[in-house]
Each structure stands twice: as C-alpha cells, then as structure tokens.
Amino acid sequence: MLRILLAGVLSVAAMQSAERIDNVLKQLVPRDAVSLFGAQMDQVKATPLYQKLVAGQKLTQLDEFAAETNFDPRRDVRELLIASNLAKKSGVLLARGNFRVSLDAIAKNKDMRRTTYKGYVLWTNPAQEAGFCILDSTLAIAGPVASMRAALDRYRDHGAQERSPLLDKAMAIPMRNQVWMVSGGGTDFLGDNMPESGPASNFGRIFHNLESTRFEADLSHGLNAFVQGACKTEADAKSLADAARGLVGFGRLSVPDGQPQLLRVWDAIQVTQQGRTLNVNADIPADLVAQLLQLLENAPGRPSGRSSFYSSEEESRRPKSKSRPH
C-alpha cells in the first residue's frame with residue numbers, strides 16, 4: 001500500500017513539474033512576439049497518427065540529408081517553438097533535441113555560407129538572409145539572420161529583458177495537448193498557414209479577423225482540437241460564428257457522392273459563441289484524419305505565412321496570390 005501511495009505522489013509531482021515550454025527556449029523568444037506555435041515532438045512522434053502519416057513515408061531528400069549530416073528532424077527534434085512578430089521577413093524557429101550534426105558535411109555544401117555573430121556560428125543561404133545556428137548539442141535556431149541575432153542577444157542575457165506576454169498564455173495550455181498556438185493579434189500562425197484556396201482558406205480568413213487566438217490539439221486518438229478567439233465586439237463574434245457554421249454546412253454539402261464518411265469530418269466540428277469569444281471544437285477519429293488533411297491540402301501553392309523564411313530569390317519564384325484581410 002505504501003509503495004502504491006509513493007508511486008502516486010511521484011506521478012503527481014512529475015506532472016506538476018512539467019513545463020509547457022522548455023526554460024531555455026523561453027529565453028530565446030522575442031519580447032515583441034505576437035504569435036507562438038509549439039509542438040512536443042517527442043510526444044507527437046509517439047502518437048498513432050504520426051506513425052501512420054509520417055513515420056512510414058519515404059522522403060528521399062530528407063533521407064539523403066540525414067545520411068550526410070547525421071541529423072534527422074524526424075528523429076532528433078524533441079521540442080519545436082516558432083515565434084513571430086509583425087516585422088516583414090521575421091520570426092525564429094527554436095528547437096531542443098539531439099543536434100550532433102556533421103559540420104564538415106554542411107561546410108561542403110556549396111549553398112551554405114559560414115558567418116559568425118558574437119562567438120556563434122551561423123550557416124546561411126548564399127545571400128546571407130536566412131539560415132540556422134546550432135548553439136550546442138541540444139539547442140538550435142533557424143530563421144532570418146536578423147531574427148537569429150536578436151534571439152542570440154536574448155540568450156546571452158539569459159532572458160533578462162522583458163518577456164513576451166504570450167508566454168504566460170502558452171503556459172496555461174494543458175500538457176495533454178502536444179500541439180498548440182497562441183497569438184495576440186496582427187498575425188496568426190494558424191491563419192497564415194492555411195491553404196490559399198479551397199475550404200480551409202475561408203477558415204484562415206476567420207482566424208485573421210480575431211484579435212487573439214488560442215489553439216490546442218491532442219493527437220493521441222485522432223485529432224481532438226480546440227480553437228478560441230477573441231473579437232472586438234460581441235456582434236463581430238456572432239458574425240464570425242455564423243460564418244464558421246456556414247462553412248461547416250457548405251463543407252457537408254460539398255462532400256462527393258460515394259464518400260459519405262467525409263460527412264463525419266464536418267459533423268465533428270462544432271462552433272459556439274459566448275459574448276466576444278468564438279469557440280471551435282473538433283473531435284475527429286483517427287481513421288478520418290488522413291481524409292481531413294486531403295481536404296485541407298487540395299489547393300496548390302504554399303501558405304503565405306511561411307514567406308518570412310524564404311530568400312528574396314525564392315520569394316520571386318513563388319506564385320502570386322490574393323491578399324487576405326487582417
């Protein structure tokens with residue numbers, strides 16, 4: 001009996017000591033961040049959904065990169081955190097994991113340039129606009145050079161500067177959710193990374209019209225996700241809620257003949273409104289998640305929100321798209 005009680009106490013203590021965001025990563029988050037996206041990759045990789053959709057896929061370029069550098073993101077990343085602000089071509093990707101990378105292999109890559117900043121080595125594209133930096137064997141960052149330098153400055157100060165208020169919002173998200181996002185307005189990781197056209201693009205526009213957003217998802221048994229957004233007025237919230245319900249209804253009507261199982265995807269999405277708050281709940285079984293991803297990815301092209309990590313040359317080659325309302 002004593003052994004069982006002790007095990008219970010230790011389990012509770014372990015749960016209480018768990019941190020939503022790694023303490024080292026917190027030190028790298030810009031104080032002006034208006035959007036944070038996080039993923040506990042060690043937990044995500046353990047889910048049946050990941051094993052089904054990602055682990056078994058043959059990705060030739062990534063496999064070759066892993067063989068050359070001894071680094072495989074699918075294996076070596078434990079935690080991801082992406083911080084964005086309102087500046088153009090900004091934002092930084094922060095990662096914890098096992099980064100015992102072969103620097104000799106990177107140095108031989110003709111598309112990489114080696115620079116230094118306050119004692120840290122930065123590997124960038126030829127234009128020296130964006131790249132990555134491995135701080136130690138467990139910590140790495142990537143993004144535009146200016147964003148990486150700002151993150152390194154904060155890291156050298158041990159996060160002594162005023163920190164982003166979004167960190168407190170993120171820390172309140174329950175640990176059972178392996179993927180999460182919080183934003184404070186002006187930009188939205190969730191909305192920015194929706195497809196440019198198709199059913200999901202309309203949801204992207206709704207997210208962009210929210211003043212602040214909170215997203216959390218548990219992938220343990222399919223997709224159990226929750227989105228909560230704050231609007232300027234109650235009337236705005238009602239209007240967006242009606243629009244979201246309309247999109248769900250239109251989605252049901254758009255299900256092709258012979259695929260009645262897709263109706264369950266739309267039926268699993270519930271929209272509610274309380275005052276100035278808009279809530280969207282989705283509880284989609286694992287057997288339908290793959291079909292949901294096909295619905296979301298049925299439009300060509302990259303989402304506009306990823307452009308900040310592109311070089312100007314890459315940007316010029318991207319297909320032009322209509323702008324979204326903010």
(message) Working note: Q40 + R78, criterion side chain to side chain contact (heavy atoms under 4.5 Å, CB included); need CA distance, chi angles, decisive distance, verdict.
(response) CA-CA 6 Å; Q40 298 293 144; R78 185 177 77 244; 5.7 Å; no
(request) Could you check R20 against M171 for side chain to side chain contact (heavy atoms under 4.5 Å, CB included), going step by step and ending with a plain yes or no? (result) CA-CA 5 Å; R20 162 54 61 195; M171 297 298 286; 3.8 Å; yes
(request) Could you give me the CA-CA distance, side-chain angles and deciding distance for L93 and I141, then say whether side chain to side chain contact (heavy atoms under 4.5 Å, CB included) is met? (result) CA-CA 5 Å; L93 183 151; I141 65 175; over 6 Å; no
(request) Please lay out, stage by stage, how L135 and L152 fare under the test side chain to side chain contact (heavy atoms under 4.5 Å, CB included). (result) CA-CA 9 Å; L135 284 73; L152 290 172; 3.8 Å; yes
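Checked by atom type and distance alone, the side chain of K45 pairs as donor or acceptor with a backbone atom of R75 at under 3.5 Å. With hydrogens and angles ignored, the 3.5 Å screen pairs a side-chain donor or acceptor of Q273 with a backbone N or O of G275. Formation of a donor-acceptor pair under 3.5 Å by the S212 side chain with backbone atoms of S183 is not found in this model. With hydrogens and angles ignored, the 3.5 Å screen pairs a side-chain donor or acceptor of D136 with a backbone N or O of L139.
Rounding to the nearest 0.5 Å gives a distance of 11.0 Å between CZ of R214 and CH2 of W180. Annotation: the span from L278 atom CG to R276 atom CZ amounts to 12.5 Å, rounded to 0.5 Å. R100 CZ to S137 OG: the interatomic distance, rounded to the nearest 0.5 Å, is 4.5 Å. Between atom CG of residue D153 and atom CE of residue M148 there is a gap of 12.0 Å, rounded to the nearest 0.5 Å. The CD atom of Q27 lies 11.0 Å from the CG atom of L167; values are rounded to the nearest 0.5 Å.
Using a 4.5 Å heavy-atom threshold, the side chains of L210 and C231 count as touching. F37 has its side chain within reach of V179: a pair of non-hydrogen atoms, C-beta onward, lies under 4.5 Å apart. Considering only heavy atoms from C-beta on, M181 comes within 4.5 Å of S35 through its side chain. Here the side chains of K118 and Y155 are not in contact, with every heavy-atom distance at 4.5 Å or above. Side-chain contact check for Q228 versus T277: some heavy-atom pair is nearer than 4.5 Å. Looking at L262 and P256, their side chains come closer than 4.5 Å, going by heavy atoms from C-beta outward. No side-chain heavy atom of V29 sits less than 4.5 Å from a side-chain heavy atom of R163. Residues I82 and L36 form no side-chain contact, since every pair of their non-hydrogen atoms from C-beta on lies 4.5 Å or further apart.
Of all non-hydrogen atoms in E216 and N177, the two that sit nearest each other are OE2-ND2, 3.5 Å. Nearest approach of V77 to A95, heavy atoms of both residues: CG1-CB, 4.4 Å. Nearest heavy-atom pair, I21 versus A170, reported as atom, atom and distance to 0.1 Å: CD1-CB, 3.8 Å. Residues P30 and A83 approach most closely at CD-CB, 3.7 Å, considering heavy atoms. For the residue pair A225 and F215, the shortest heavy atom distance occurs at CB-CE1, 4.0 Å. Of all heavy-atom pairs between G222 and L49, the closest is O-CD2, 3.8 Å.
Screening residues 101-115 for side-chain hydrogen bond (donor to acceptor under 3.5 Å, both in side chains), with sequence neighbours left out, gives no hits.
When each of D42, D22, D76 is paired with R96, the salt bridge (Lys or Arg N to Asp or Glu O under 4.0 Å) condition holds for D22 and for no other.
Remark: Q261 pairs with Q291 by the side-chain hydrogen bond (donor to acceptor under 3.5 Å, both in side chains) rule, at least two apart or across chains. F99 meets the ring-ring contact (aromatic ring centres under 6.0 Å, His included) test with F71; sequence neighbours excluded. Every side-chain contact (heavy atoms from CB on, under 4.5 Å) that Q178 has, sequence neighbours left out, goes to Q43, V44, T47, D218, L219, S220.
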Side-chain donor-acceptor distances from residues 281-288 under 3.5 Å, at least two apart:
none

Side-chain donor-acceptor distances from residues 240-252 under 3.5 Å, at least two apart:
from: D242; atom 1: OD1; to: R245; atom 2: NH1; distance (Å): 3.1
from: D242; atom 1: OD2; to: K238; atom 2: NZ; distance (Å): 3.1
from: R245; atom 1: NE; to: V271; atom 2: O; distance (Å): 3.4
from: R252; atom 1: NE; to: D267; atom 2: OD1; distance (Å): 2.5
from: R252; atom 1: NH2; to: D267; atom 2: OD1; distance (Å): 3.4

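Connection of F226 to L166 is not established within any shared hydrophobic cluster, with ILVMFWY side chains joined at heavy-atom distances below 4.5 Å, either directly or through further cluster members.
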